[in-house]
Engineer: 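Got a structure here, written out as structure tokens. Questions coming.
Basis for what follows: all heavy atoms, side chains included, without hydrogens, waters or symmetry-related copies. Order of the sequence lines fixes the chain letters, A, B, ..., with proteins taken first and strands second; residue numbering starts at 1 for each chain.
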Protein chains: 2
Amino acid sequence: MPFIGQTPTPSARDLVYAKLREKILSLELPPGTALSEKESSLRFNVSRTPVRESFLRLAQEGLVQVLPQRGTFVSLIDPELVEEARFMREHLEKAVIRLACEKFPEEKLAELEANLREQRACIEREDHRRLFELDEGFHRTLFEGCGKLNTWSVIQQMNVHLNRSRLLRLVTDHRWDHLYEHHERMTAAIRGRDADAAERLMKEHLHLSVEDQPLLQEKFPHYFKQGE
Amino acid sequence: MPFIGQTPTPSARDLVYAKLREKILSLELPPGTALSEKESSLRFNVSRTPVRESFLRLAQEGLVQVLPQRGTFVSLIDPELVEEARFMREHLEKAVIRLACEKFPEEKLAELEANLREQRACIEREDHRRLFELDEGFHRTLFEGCGKLNTWSVIQQMNVHLNRSRLLRLVTDHRWDHLYEHHERMTAAIRGRDADAAERLMKEHLHLSVEDQPLLQEKFPHYFKQGE
DNA sequence: AGTTCCATACTACCATACAAGTGTGGTAGT
DNA sequence: ACTACCACACTTGTATGGTAGTATGGAACT
């Protein structure tokens with residue numbers, strides 16, 4: 001029996017998809033890079049079919065752009081999408097953290113606090129990569145504890161654009177301390193059931209992520225889609 | 001030159017996708033129906049490839065479920081997804097209608113009012129199908145006027161589940177009059193820049209769409225995913 | 001020198017063949 | 001009658017060849 005679970009054996013398509021997505025989100029494949037079914041199929045030692053299918057999936061998520069008979073390219077970061085991703089997150093996460101102040105399973109709260117501890121450790125040893133993941137995990141746990149995990153998934157999809165932008169920012173700016181502080185104060189607000197404070201904190205927190213967006217666009221102009 | 005525009009000639013894949021999606025959302029292919037790449041390829045007179053690719057796309061949107069080596073099935077309606085879709089819409093649309101009360105282009109406001117007129121006509125001649133579309137259009141215009149069209153697209157994706165449920169409701173219940181009245185009052189609130197009233201109206205409006213969800217699940221049990 | 005045209009080397013799209021896993025119904029054995 | 005087993009008819013996953021459209025560089029012509 002080949003391990004029955006959510007992964008009854010990951011297909012070649014899924015593997016290729018995961019690797020490409022990883023490379024795109026980490027900016028190892030920067031915006032604008034040309035991809036090719038054939039080249040990728042050689043690179044991953046599979047046929048063109050699974051490569052092609054992973055391209056289509058990435059295209060649907062907006063990570064690549066497929067131009068028929070011309071080529072497939074890593075999408076430029078669209079500032080409009082970045083802003084709307086922030087907008088969505090702000091309003092949905094404000095609503096969720098309000099829910100959390102009413103009712104939140106103790107187990108998940110402990111998970112948040114464990115996450116906080118690891119964040120502290122990451123700041124010590126300046127492991128920004130892992131800190132980025134922990135930030136994701138923190139917010140995810142919030143949604144999970146409120147039974148809104150599907151909502152989080154949908155946000156995630158829009159979030160890929162915001163995240164590429166945030167990662168770019170990480171290159172030039174290392175002030176990630178506020179981030180931890182925010183998370184800590186939000187957790188405290190949930191414990192204290194102070195919905196108004198929690199909502200206010202969340203709003204500030206999410207506004208930070210696009211704080212110097214214009215500077216980024218100036219610094220890496222060829223990575224961004226220019227306004228119409 | 002083959003008409004350069006947004007559709008440089010729709011591919012076979014896109015055509016198959018559009019037709020299947022249409023059939024699924026209209027419940028012509030009810031939840032649970034078995035599909036097959038081969039059968040569909042014969043039906044649409046194309047090879048398996050474009051059919052397969054449209055299946056994958058539908059799967060990513062959650063409209064079908066692909067079980068490797070077993071088959072592809074139209075997804076059951078997941079009540080959890082229906083509720084979260086409503087949750088997302090409530091909070092995002094409340095935020096958007098608030099924006100609309102601050103600033104909304106006159107042109108789009110006129111569009112809303114034209115939509116309202118057509119809604120009235122549809123109620124007269126009991127064209128519920130078209131009324132459903134107009135309802136979609138009304139909300140879409142709201143997002144468009146606020147420059148949040150991408151957000152609407154993301155909502156739409158989650159919305160497919162909510163919509164199948166709403167369509168099911170349409171079969172048994174024809175009281176669509178409130179709907180028009182709500183839309184009219186929301187438009188008035190925007191004109192009068194009364195954000196609090198607008199937000200309250202929107203909240204009520206969206207709560208209506210899942211009003212008798214439990215009854216539906218009782219009436220069409222085999223269309224819904226049962227609780228874990 | 002500048003312009004037009006065309007061969008060529010790409011691209012993604014589609015059709016088709018084969019591989020591998022799954023469910024089912026019939027059959028042989030008990 | 002019942003059970004175990006196996007062949008077979010499905011399913012999706014992968015590989016590959018051919019088609020049509022696109023971009024590009026060089027040759028021929030003005």
Engineer: Mind checking side-chain hydrogen bond (donor to acceptor under 3.5 Å, both in side chains) for R70(B) and listing every partner two or more places apart, or none if nothing turns up?
Structural biologist: none

Engineer: Determine which pairs satisfy ring pair (Phe, Tyr, Trp, His ring centres under 6.0 Å) with at least one residue from residues 146-169 of chain A, sequence neighbours left out, and list them in order.
Structural biologist: F143(A)-W152(A)

Engineer: If you look only at pairs with a residue in residues 9-18 of chain B, which of them pass as a salt bridge (Lys or Arg N to Asp or Glu O under 4.0 Å), with sequence neighbours excluded?
Structural biologist: R13(B)-E53(B), D14(B)-R57(B)

Engineer: Let's test this: given Watson-Crick or G-U wobble pairing with both distances under 3.5 Å, identify the partner of dT30(C).
Structural biologist: dA1(D)

Engineer: CZ of F44(B) versus P of dC13(C): gap in Å, rounded?
Structural biologist: 19 Å

Engineer: Which part of the nucleic acid, if any, lies within contact of T49(A), taking any heavy atom under 4.0 Å across all strands shown: a base, the sugar-phosphate backbone alone, or nothing?
Structural biologist: base

Engineer: Looking at S47(B), I'd like to know whether one of its side-chain N or O atoms comes within less than 4.0 Å of OP1 or OP2 on dC14(C).
Structural biologist: no

Engineer: Test of understanding: with side-chain hydrogen bond (donor to acceptor under 3.5 Å, both in side chains), list the residues that count as partners of E136(A), not counting sequence neighbours.
Structural biologist: Q156(A), N163(A)

Engineer: Quick one: what's the B/S/- string for nucleotides 6-12 of chain D, heavy-atom cutoff under 4.0 Å, read 5' to 3'?
Structural biologist: -----BB

Engineer: In Å and rounded to the nearest 0.5 Å, what is the CE to NE2 distance from M186(A) to H139(A)?
Structural biologist: 5.0 Å

Engineer: With sequence neighbours excluded, tell me which residues meet side-chain hydrogen bond (donor to acceptor under 3.5 Å, both in side chains) with Y223(A).
Structural biologist: none

